[in-house]
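Reading through the structure tokens given below for one structure.
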Amino acid sequence: LSLWEVRTRTRRWQATVGGGDDGAAAFAFTPDSRRIWCEGLGGRLLELDCADGRTRGDLPAPNATGVSVSPDGASLAVATGGSQVPVWDL
């Protein structure tokens, strides 16, 4: 997963997060744009700091296919391809 600075067209950081064959298939920014939640190895969702790409936290999420952070940043919903959508309080 890479984060780019659009104005300068430079990559701010790159992180190996695992996930699908082509990297993270599921990811979402927090409303304040300070964090990214993305699919990681071992059925985990990783919370990455947008400033430096470091992992700040993680949650269990086997088979994640989609991630969404609520507009207030208080909840995280995870699509897993099943009939239920787990929602985490952040």
Side-chain angles (χ1 to χ4, degrees):
L1 182 67
S2 297
L3 186 68
W4 290 80
E5 181 66 48
V6 176
R7 279 183 315 212
T8 61
R9 298 182 181 180
T10 57
R11 184 170 40 207
R12 291 179 65 184
W13 52 260
Q14 183 173 1
T16 303
V17 295
D21 294 336
D22 297 321
F27 62 92
F29 284 91
T30 57
D32 63 8
S33 298
R34 291 183 176 176
R35 308 271 194 216
I36 299 174
W37 282 92
C38 69
E39 174 189 16
L41 290 172
R44 309 291 295 173
L45 283 179
L46 304 176
E47 180 187 20
L48 303 178
D49 191 312
C50 287
D52 57 18
R54 292 185 184 178
T55 301
R56 301 296 182 201
D58 69 323
L59 293 171
N63 306 315
T65 58
V67 182
S68 182
V69 179
S70 63
D72 65 0
S75 302
L76 178 77
V78 183
T80 59
S83 61
Q84 297 181 358
V85 177
V87 178
W88 295 91
D89 292 330
L90 299 177

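Treat the numbers as computed from the prediction; the structure is a model and nothing was measured.
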**Prompt:** Who pairs with Thr65 by side-chain contact (heavy atoms from CB on, under 4.5 Å), at least two apart in sequence or on another chain?
**Reply:** Ala79
**Asked** So do Pro62 and Thr80 actually touch side chain to side chain, heavy atoms under 4.5 Å?
**Response** no
**Request:** Name all residues meeting the side-chain contact (heavy atoms from CB on, under 4.5 Å) criterion together with Arg11; count only those two or more places apart in sequence or in a different chain, and write none if there are none.
**Result:** Ser2, Trp4, Gln14
**Complete:** Students should find that the hydrophobic cluster of Val67, defined by side-chain heavy atoms under 4.5 Å apart, otherwise consists of Trp37, Leu45, Leu59, Val69, Leu76, Val78, Trp88, Leu90
**Request:** Using side-chain contact (heavy atoms from CB on, under 4.5 Å) as the criterion, list what pairs up with Val87, not counting sequence neighbours.
**Result:** Ser75, Ala77
**Asked** Got Leu48 and Trp13 here, is their nearest side-chain heavy-atom distance under 4.5 Å?
**Response** yes
**Asked** Who are the side chain to side chain donor-acceptor pair (under 3.5 Å) partners of Gln84, not counting sequence neighbours?
**Response** none
**Request:** Mind listing the closest non-hydrogen atom pair of Cys50 and Ile36 along with its distance?
**Result:** SG-CG1, 3.5 Å
**Prompt:** Mind checking what makes side-chain contact (heavy atoms from CB on, under 4.5 Å) contact with Thr8, not counting sequence neighbours?
**Reply:** Glu5, Thr10
**Message:** Show every salt bridge (Lys or Arg N to Asp or Glu O under 4.0 Å) that has at least one partner inside residues 57-85, sequence neighbours left out.
**Reply:** Arg44-Asp58
**Request:** Could you tell me which residues satisfy side chain to side chain donor-acceptor pair (under 3.5 Å) with Arg56, sequence neighbours excluded, listed by chain and number?
**Result:** Asp49, Asp52
**Prompt:** What pairs meet the salt bridge (Lys or Arg N to Asp or Glu O under 4.0 Å) rule with one or both residues in residues 77-90, with sequence neighbours excluded?
**Reply:** none
